[in-house]
Each structure stands twice: as C-alpha cells, then as structure tokens.
Participant: 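Below: one structure in structure tokens.
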2 protein chains.
Amino acid sequence: MKLTSKGRYAVMALVDLARFNNINPVSLRDISLRQGISLDYLEQIFSKLKKDQIVKSIRGTQGGYVLSKKPNEIKLTNIFHAVDEKVKTVKCKKDSKKGCNGKATKCVTHNLWDELENHINSFFDKKSLEDLLKSNNENRI
Amino acid sequence: MKLTSKGRYAVMALVDLARFNNINPVSLRDISLRQGISLDYLEQIFSKLKKDQIVKSIRGTQGGYVLSKKPNEIKLTNIFHAVDEKVKTVKCKKDSKKGCNGKATKCVTHNLWDELENHINSFFDKKSLEDLLKSNNENRI
DNA sequence: ACTATACTTGACCAATTTAGTCAGGTATGT
DNA sequence: ACATACCTGACTAAATTGGTCAAGTATAGT
Ligand code: FES
Ligand code: FES
C-alpha cells in the first residue's frame with residue numbers, strides 16, 4: 001500500500017500554491033523550483049486539478065495558477081479525486097454482487113477491506129488544505 | 001493507494017485456514033481450491049508466514065499448515081509484516097533528517113503522510129484474525 | 001508588432017513492481 | 001515404494017509509475 005507521486009506532488013504543490021497565493025498567480029516554474037518537482041510533470045497534474053476546478057489558470061506573462069476555492073473548502077479527498085489517486089482496497093467490483101474470485105458470493109475478506117477503505121477515506125475527508133497550512137506555519141515559527 | 005494481492009491473499013488464506021484448523025492441518029491445495037488462489041503463489045506466501053511464525057508446517061501425507069498462535073493473537077499487522085505488504089506513505093527515509101526532495105529539511109507534506117501512515121496502521125493493529133472469523137460467521141448464520 | 005512568459009496537449013518511454021508460472025526438489029505417513 | 005504436500009529458486013508477461021519530449025496557444029509588457 002503506497003502513495004503515488006502524483007497524489008503526493010499534487011498536495012505538495014497546492015500547499016506551496018496556497019502559501020504564495022495572496023497577491024499574484026503562482027507559476028508552475030516557481031513551484032517546480034521550490035518543491036523540486038519536474039515542471040513537465042506538474043503540468044500534467046495541474047491540468048487535472050483545473051478540470052476539477054480546484055485551481056484556475058491565468059495565461060501569459062505574469063500568469064500562473066490560483067486556487068478556485070478557499071483553503072478550508074479544499075479537502076484532500078477533492079485533490080486525490082482530481083488526480084485519480086484512488087484508494088482501492090477491495091479487488092472485486094463494488095456494485096457487483098459477485099466476489100473477487102468470480103464466485104457468486106463476496107469473499108471472506110471483502111467486508112474487512114471495505115472497512116479499511118472507509119477508514120482511510122475518512123482521513124482524507126477531514127483534512128483540508130487549510131489544516132496543512134496551519135500545521136506548516138507552526139513548524140516554521 | 002491500493003492493496004496488493006499478496007496481502008489480500010495472505011489474509012484470505014489465513015481466514016480459511018483458521019476456519020478449518022480445528023482437527024487436522026489444512027493443505028494449501030484445499031485453500032487454493034476454496035479461495036481460488038494459485039497454489040504456487042500460495043506456497044510463496046506461506047513460506048513467509050512460516051518464517052514469521054504465524055503458521056507451522058507439517059510435511060508428508062495428510063500434512064498441511066496450522067496456526068502457530070491463537071486467532072486473537074494474530075493481528076493484521078503481523079500478517080502484513082510477514083508478507084512484506086508495508087504501508088508506505090512518506091517518500092523520504094524516515095530516520096534521515098533530509099527531506100524527500102533531497103533538501104535539508106522535511107517537505108511541507110511530510111507530517112501529513114506520517115499521520116496518514118499512523119492512521120492506517122492503527123486499523124491493522126486493532127484487527128485480529130479472530131475478529132474476521134466472528135464477522136464472517138455472523139454473515140453465514 | 002514582437003517577444004518572453006507560462007499555460008496546454010498529447011505522445012512517448014524506461015524502470016519498477018506485480019502477480020503470478022515453472023521446474024525442480026525434500027520430507028513423511030501409509 | 002509411493003502419493004501427498006511442503007519447499008526453493010528462477011523466471012516472466014503485463015501493468016503501473018514517474019516521468020520526458022515536442023509542439024503548440026494565449027497574454028502582458030515593450
Ligand atoms: S474483495 Fe470483494 S469479494 Fe473479495
Ligand atoms: S515525505 Fe518526508 S520529506 Fe517529503
């Protein structure tokens with residue numbers, strides 16, 4: 001069970017963006033340099049974030065990205081959903097009645113994994129970008 | 001973030017084993033047939049479970065595997081540890097002072113991922129094989 | 001109008017991981 | 001002896017990951 005870079009970078013980048021968001025749009029180039037993430041890769045990530053209306057883009061010189069919502073309205077769930085970082089614990093199709101092994105009934109561990117999935121998602125539902133900003137500021141003072 | 005088959009199968013197989021454990025050792029062949037898991041793959045998994053003393057093996061005809069401990073003493077944590085299904089959320093090396101990007105300080109999301117890791121592990125620490133047996137029996141009655 | 005900046009899009013790829021298979025072997029109860 | 005079932009290690013096809021590369025388009029400032 002591991003987190004992929006896409007999800008990790010998306011959150012890193014958004015925290016960075018939120019911190020410098022006050023005055024001007026923030027360019028991916030700056031984020032790339034500050035956070036050590038490949039610019040080309042960031043572009044892929046931000047195109048997804050934009051599609052889910054987490055950020056807005058401003059083109060041209062002095063352009064960049066800004067948050068579409070307030071930091072406390074952006075939950076990790078939203079970010080992960082945007083970049084397709086999904087939590088997948090069950091093997092079977094959730095809606096189907098069939099089990100993961102192709103049998104007619106759900107397997108002996110199905111409920112467990114489902115519980116686990118809920119447990120993890122509840123974490124992502126609670127955490128907002130604002131929470132991250134706060135805890136980060138505390139560390140810096 | 002997804003669960004691998006190795007971890008999933010290990011738990012499936014142990015639940016199966018625990019249910020038929022009362023009288024005789026259980027052969028991997030039986031588990032393979034009941035749970036629809038490749039026999040060769042099961043053998044790899046059980047060699048790891050044995051190394052961590054979660055199961056004992058009995059060779060020869062009528063041989064098979066038995067649990068080394070009581071079901072309530074076997075936590076998911078133990079199983080996952082045995083089969084190298086590890087929860088990895090941070091990118092950096094945990095003990096090192098350096099961040100994931102090679103910089104001298106931990107990145108802006110490090111604490112978040114660390115929290116997440118604890119959150120997930122607490123789930124695995126709580127759940128025992130006995131819990132799974134119980135909830136499974138309830139479903140069958 | 002020109003140019004530098006920075007977003008936009010889509011194709012492409014190397015490395016790693018996963019989820020097994022395959023081919024042998026060894027121990028043991030009957 | 002022989003069938004059963006554990007044991008071991010090598011191997012591999014397919015998927016995923018974590019990017020890179022190339023060729024745009026829009027806009028602000030000069
Ligand atoms: S995970 Fe859903 S049936 Fe096995
Ligand atoms: S994850 Fe630990 S420093 Fe980034």
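Excluded from the calculations below are hydrogen atoms, water molecules and symmetry mates; all remaining heavy atoms, backbone and side chain alike, are included.
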Participant: List in numerical order all residues of residues 60-68 of chain B for which some heavy atom is under 4.0 Å away from an atom belonging to DNA chain C.
Facilitator: B/G60, B/T61
Participant: Does a distance-only test, which skips hydrogens and angles, find a donor-acceptor pair under 3.5 Å between the side chain of B/R59 and the base of C/dT26?
Facilitator: yes
Participant: Mind telling me whether B/Y65 and B/F46 have parallel, tilted or perpendicular rings, with 30° and 60° as the class edges?
Facilitator: tilted
Participant: Keeping the roles fixed (side chain from A/S128, backbone from A/K75), state whether a donor-acceptor pair exists under 3.5 Å.
Facilitator: no
Participant: From NZ of B/K48 over to C1' of C/dA19, roughly how many Å is that when rounded to an integer?
Facilitator: 13 Å
Participant: Starting from C1' on D/dA5, measure out to CD1 on B/I31 and report it in whole angstrom.
Facilitator: 12 Å
Participant: To the nearest Å, how far apart are A/K51 NZ and C/dG10 C1'?
Facilitator: 13 Å
Participant: Tell me: CD1 of B/I37 to C1' of C/dT21, nearest whole Å?
Facilitator: 16 Å
Participant: Taking CG from A/N24 and C1' from D/dT27, how many angstroms apart are they, rounded to a whole number?
Facilitator: 15 Å
Participant: C/dT18 C1' sits how many Å from A/K88 NZ, rounded?
Facilitator: 15 Å
Participant: State whether A/S47 places a side-chain N or O below 4.0 Å from either non-bridging phosphate oxygen (OP1 or OP2) of C/dC7.
Facilitator: no
Participant: To the nearest Å, give me how far apart NZ (B/K86) and C1' (C/dT18) are.
Facilitator: 14 Å
Participant: When the distance from CG of B/L42 to P of C/dA19 is rounded to whole Å, what number comes out?
Facilitator: 14 Å
Participant: Taking it one step at a time, do A/S68 and A/Q53 satisfy side-chain hydrogen bond (donor to acceptor under 3.5 Å, both in side chains)?
Facilitator: CA-CA 6 Å; A/S68 304; A/Q53 284 156 328; over 6 Å; no
Participant: Can A/F20 be reached from A/V66 by stepping across I, L, V, M, F, W or Y side chains whose heavy atoms are under 4.5 Å apart?
Facilitator: no
Participant: Just checking A/V26: base, sugar-phosphate only, or nothing, at a heavy-atom cut-off of under 4.0 Å?
Facilitator: sugar-phosphate
Participant: Would a hydrophobic clustering, with Ile, Leu, Val, Met, Phe, Trp and Tyr connected at side-chain separations under 4.5 Å, put A/L42 with A/L33?
Facilitator: no
Participant: Tell me whether the side-chain N or O atoms of B/R29 pair up with the base of D/dT4 as donor and acceptor below 3.5 Å, since no angle test is needed here.
Facilitator: no
Participant: Is the shortest side-chain heavy-atom distance between B/K94 and B/D114 below 4.5 Å?
Facilitator: yes
Participant: In Å, rounded to the nearest 0.5 Å, how long is the span from CE of B/M12 to CD1 of B/I31?
Facilitator: 10.5 Å
Participant: Just N and O in the side chain of A/K50: are any of them under 4.0 Å from OP1 or OP2 of C/dT8?
Facilitator: yes
Participant: Determine whether A/V11 and A/I120 fall in the same hydrophobic cluster, where Ile, Leu, Val, Met, Phe, Trp and Tyr are linked whenever their side-chain heavy atoms lie under 4.5 Å apart.
Facilitator: yes
Participant: Sugar-phosphate means primed atoms, P, OP1 and OP2; the rest is base. With that split, encode nucleotides 11-21 of chain D 5' to 3' as B, S or - using protein heavy atoms under 4.0 Å.
Facilitator: -----SSBBBB
Participant: Nearest 0.5 Å, please: how far is NZ in A/K86 from OG1 in A/T4?
Facilitator: 10.5 Å
